[in-house]
Amino acid sequence: MYLALLVIFLQCSELYAQGKVYQVFTFNGVKIKVEPSDKVKNGAPMSIICHADISKNTDFQLKHNFTFFKDGKLVFMAISDKEDARYEIPVAKSADTGDYECRVKAGDKLVISKPIYVWVAGMTKPILTADKKEVSEGEIVKLRCELPEEVPPLEFFFRKTKTNSEPIEKRVAEQNQNFSEMEYYVEAGDNILQFDCFGKRQVKSGWESSQHSNKTLVTVKEPFRKPTLITTPSNNFTEGDIIEFECSTVAAEMRGIEIIFQKNRTILNSVRDKKFLKYSTLATQEDSGEYLCKVEQGAVSKTTKLNVFVSELFPKPTLSASMTQLDENKDLILNCSINGLRRANFSILRKSSSGDILLKKSRILAIKVNVNDTGSYTCKAEVKGIVKESKPVRISVYAPVSKPTLSVVSGSPEVVLGKPLQLICHSVMGTPPITFTFYKGDEIKKNVTNDTYATFLDEDIGLNDNGGYKCDARNNHSSGVKTSNILNVTVIVPIRGASLGSVPYGEVEVGSDTTFLCSVNEGSWPIDFKFFKKTDHEVLLHEVREYSDRTIWHKKTMKRKDTGTYYCMASNRASVDVRSHPITISVILAAWQKGVIAAFVLTAMAGAGAVALWWFLRKKKKAKGPSMEMSGSALAPNLTSEKLTRPPSDGNYYSGSGYIEDNENHMKSTDESKGPDLESAEVDYTEVEVSTLDPHRGHSGVLWLWKWKLH
């Protein structure tokens, strides 16, 4: 029975499991919209609706988490089993403008809508307040403009309007607050001031402006009135009249009041803590113009201007001179006059850096001038206390120039060919400016105006320019031109093409003389010649100065040590050393020395031949005699090339070259032909060193002399 129940229970469970259905859903999308529209008027209600489009496999309830964001910031959350959620804003403000999006989460799935931009059009009206309703000129008014319920960043615009004037606007940007403050300086002349403000904010479509704020009125009080400036007896005067100025003001408080009277930028008079200022002067033409009276107290300044005209009493005098340029010791007459007026007090003066020098109180001055009278002269005329001065007249008095001297700047009257030549022309006496003229031959090369000297650079020096330079000097003196002496300049030709030769050339016998000849292709005399022998260092052998293009040097008694390389060097005043190509001199044995050596060699050869002949005859006689034995190893190949050195004092030391190979070969052949018979012979030999005859062969030889001893 229990078994049957168990079977039935298992069968029912299996049927129930087969009838169970899993809950499946998916998001088709999430959308966001604004009611009534995405552009809402400021103060109107606004709803932001988020809708989730979901598909399900069966009809089952599903919880939705709705999250609303504005410009990336969370603003509203809702949980609902419905597929819609609403974010209600009863009164929309401009701060609600921005990008909105919603996120919907169901189960473990999350979907985000595309953003929508909502624009709340219009801004709240700003509120303007002022810290003072009544101020004095020079004080500060502080204003505050606030945009309630607006969110920064914002821009504020303050406007100041004077009576019957256009508003003056100032802008302030605020990044972190919804209000701004501004200070205004109350200027002189301001009466009733009206202030207002408005704000702006930036939206996607551009800038949006608020309404203008309430208007705030500020009343301005004057600490003092604008000054009054008058002249007596009128505004028009004639030179010599007395002009009296009076500047005054009315002030509530005189403490700190300052009155300043000026013409152009020059202050003529000033007073402090007083209501008026007076100033008087003797009228001149220079007094015509605009005058200014300024009253200042603290930061307030008020100004009044007045134009004054002064007519001319008489014109400026004119100074005339009989001559403006004249020689010293000549007569000069200066005359001072006024056009149309003869009665005046005249004086003639000379201008000076330390002040004018009065020469004479008269309209005419006659003097005999000297150089020190050069300068500027003026005259003055006085009528009714008015003094006027003429334009200056320049008088130049000239002393004659002295005869100029022409010289070379370097000092020496010579120049190297191809190098520039600088000349200086100088006059010791003469009133400047002096004009100097340089000549090369009869050709004018340069004109220079200077005080006492002038220079000329001639860069075109040729071989034929050995003279002909002169210069002239002249100034405005009537004596005319002075000419220097003619300057002759020597042109130094540099050395070119030095060469060296010798007689004999190449080889010179010991004890003989050698003549060296050093010459140049061109060059100015005198020429310094130097002879050198080239060793490890340069050795100067001989030097001489010649007024010629060549020189000869005789070297006596040449020795073996004089063998070597020689060259010469030539120079002149051009200071350029020119070196010749080197030559090689070899000092060899003299002819008689060669003869002695040859005779000695021939004698030795003859002796050797006689001994050989004697030995041959003796061998013939004693064909069966004891064999000859040679002592030593003279025939060894290494001995034929060996060299024995002896001191120079040895009588067996000779000069020569090479080996006497014929005797050696002869002895070798004889030895071979005799065979064992030579064993009984004893040979003595003597070695003679022969020194080098030809230095180009570079070796010495050995002469072997043989002595035969027969046992």
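Note that these values count all heavy atoms, side chains included, but never hydrogens, waters or copies made by symmetry.
- Not a single donor-acceptor pair under 3.5 Å links the side chain of Ser376 to the backbone N or O of Arg394.
- For Lys263, the NZ atom is densely surrounded, since the number of other residues' heavy atoms within 6.0 Å is greater than 12.
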- Take Asp356 and Lys351 through the salt bridge (charged side-chain N to carboxylate O under 4.0 Å, His left out) test and state the conclusion after the steps. CA-CA 5 Å; Asp356 295 346; Lys351 307 295 286 184; 3.2 Å; yes

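- At a cut-off of 3.5 Å, with distance as the only test, a side-chain donor of Ser354 or Ser352 sits close to an acceptor on the other residue.
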- Query: Checking side-chain hydrogen bond (donor to acceptor under 3.5 Å, both in side chains) for the pair Ser311/Thr238: CA distance, chi angles, key distance, verdict?
  - Reply: CA-CA 5 Å; Ser311 59; Thr238 303; 3.1 Å; yes

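- Under a 4.0 Å N-O distance rule, the pair Glu181/Lys142 qualifies as a salt bridge.
- Closest of all the heavy-atom pairs between Ser301 and Ala188 is O-CB, 3.7 Å.
- The OG1 atom of Thr452 sits 12.5 Å away from atom CE of Met429, with the distance rounded to the nearest 0.5 Å.
- A heavy-atom distance below 4.5 Å is found between the side chains of Thr304 and Lys226.
- Residues Tyr398 and Val371 have side chains not in contact (no heavy-atom distance under 4.5 Å, counting atoms from C-beta outward).
- Remark: the Thr449 side chain and the Thr435 side chain contain an N/O donor-acceptor pair separated by less than 3.5 Å.
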- Test log, rule side-chain contact (heavy atoms from CB on, under 4.5 Å), inputs Asn476 and Ser396: CA-CA 9 Å; Asn476 290 322; Ser396 299; over 6 Å; no

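- The distance from atom NZ of Lys278 to atom CZ of Phe261, rounded to the nearest 0.5 Å, is 13.5 Å.
- More than 12 heavy atoms of other residues, nucleotides or ligands sit less than 6.0 Å from atom CD1 of Ile140.
- Formation of a donor-acceptor pair under 3.5 Å by the Ser479 side chain with backbone atoms of Pro400 is not found in this model.
- You'll find the side chain of Phe179 stays beyond 4.5 Å of the side chain of Ile127, heavy atoms only.
- Side-chain contact check for Glu389 and Thr378: at least one donor-acceptor pair (N or O, by modelled atom type) lies under 3.5 Å.
- Remark: Lys482 does not engage Asp472 in a salt bridge, criterion side-chain N to carboxylate O under 4.0 Å.
- Between Gln297 and Pro223, the closest heavy-atom pair is OE1-CB, 3.4 Å.
- A donor-acceptor contact shorter than 3.5 Å is absent between the side chain of Thr219 and the backbone of Glu134.
- In plain terms, the two heavy atoms of Lys133 and Thr216 that are nearest each other are NZ-CG2, 3.3 Å.
- Comment: Asp196 engages Arg159 in a salt bridge, judged by a side-chain N to carboxylate O separation of less than 4.0 angstrom.
- Cation-pi geometry between Lys388 and Phe314 is satisfied (NZ or CZ under 6.0 Å from the ring centre, within 45° of the ring normal).
- Counted within 6.0 Å of CZ on Arg225, heavy atoms from surrounding residues, nucleotides or ligands total 12 or fewer; the atom is thus considered open.
- For the atom pair Thr231 OG1 and Glu246 CD, the distance stands at 11.0 Å (nearest 0.5 Å).
- At most 12 non-hydrogen atoms from other residues, nucleotides or ligands lie less than 6.0 angstrom from NZ of Lys41.
- Under 3.5 Å, the side chains of Asn485 and Lys403 contain a donor-acceptor pair of N or O atoms.
- Side chain to side chain, Glu244 and Ser280 fail the donor-acceptor criterion of an N or O pair below 3.5 Å.
- In this structure, Ser402 contributes its side chain and Val428 its backbone to a donor-acceptor pair below 3.5 Å.
- Asn235 is listed as a side-chain neighbour of Leu306, based on a closest heavy-atom distance under 4.5 Å.
- The neighbour count for Phe276 CZ, taken as heavy atoms of other residues, nucleotides or ligands under 6.0 Å away, does not exceed 12.
- Taking 4.5 Å as the limit, some side-chain heavy atom of Glu459 sits within range of a side-chain heavy atom of Leu457.
- Contact between Ala344 and Ile338 at its shortest, heavy atoms only, is CB-CD1, 4.1 Å.
- Classification of Glu166 and Lys160 as a salt-bridged pair fails, no side-chain N sitting under 4.0 Å from a carboxylate O.
- Closest of all the heavy-atom pairs between Thr431 and Ala399 is OG1-N, 2.7 Å.
- Evaluation of the ring-ring contact (aromatic ring centres under 6.0 Å, His included) rule for Phe224 yields no partner, not counting sequence neighbours.
- A donor-acceptor pair is defined here as one N or O able to donate and one able to accept, closer than 3.5 Å; no such pair exists between the side chain of Thr281 and the backbone of Ala283.
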- Under the salt bridge (charged side-chain N to carboxylate O under 4.0 Å, His left out) criterion, do Glu239 and Lys384 qualify, and how do the steps go? CA-CA 9 Å; Glu239 289 181 316; Lys384 292 176 61 176; over 6 Å; no

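- In this structure, Val310 and Thr284 have side chains that are not in contact, with every pair of non-hydrogen atoms separated by 4.5 Å or more.
- Between Tyr291 and Phe245, the distance separating the two ring centers is shorter than 6.0 angstrom.
- The residues Lys302 and Glu137 are annotated as salt-bridged, a charged nitrogen and a carboxylate oxygen being separated by less than 4.0 angstrom.
- Looking only at atom types and distance, the side chain of Thr437 has a donor-acceptor partner in the side chain of Asn447 under 3.5 Å away.
- The cationic group of Lys170 lies under 6.0 Å from the six-membered ring centre of Tyr184 and within 45° of the ring axis, placing it in a cation-pi geometry.
- With respect to Lys162 and Asp190, a salt bridge is recorded, a charged nitrogen being found less than 4.0 Å from a carboxylate O.
- Side-chain contact between Lys200 and Ser209: present, with at least one pair of heavy atoms (C-beta onward) separated by less than 4.5 Å.
- Remark: the backbone N or O of Val493 is paired with a side-chain donor or acceptor of Asn572 at under 3.5 angstrom.
- Summarising the geometry, atom OG belonging to Ser478 is positioned 3.5 Å from atom CG belonging to Asp327; distances are rounded to the nearest 0.5 Å.
- Nearest approach of Val401 to Gly480, heavy atoms of both residues: CG2-O, 4.4 Å.
- Within 6.0 Å of CG in Asn339 there are 12 or fewer heavy atoms belonging to other residues, nucleotides or ligands.
- From Glu414, atom CD reaches atom CG of Leu421 across 10.5 Å, with rounding to the nearest 0.5 Å.
- Using modelled atom types, no side-chain atom of Asn264 and backbone atom of Thr266 make a donor-acceptor pair closer than 3.5 Å.
- For the pair Met123 and Leu147, the minimum side-chain heavy-atom distance is below 4.5 Å.
- Interatomic distance, NZ of Lys330 versus CD of Gln325, reported as 14.5 Å (0.5 Å rounding).
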- For salt bridge (charged side-chain N to carboxylate O under 4.0 Å, His left out), just list the numbers for Lys445 and Glu443, CA-CA rounded to whole Å, side-chain angles, deciding distance to a tenth of an Å, and then say yes or no. CA-CA 6 Å; Lys445 286 295 184 179; Glu443 182 182 358; 3.5 Å; yes

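- Phe156 does not carry Arg171 over the face of its six-membered ring by the limits of under 6.0 Å from the centre and within 45° of the normal.
- Sorted by first and then second residue, the ring pair (Phe, Tyr, Trp, His ring centres under 6.0 Å) pairs with a member in residues 417-442 read Phe438-Phe456; sequence neighbours excluded.
- Cation-pi geometry between Lys440 and Tyr469 is not met at under 6.0 angstrom from the ring centre and within 45 degrees of the axis.
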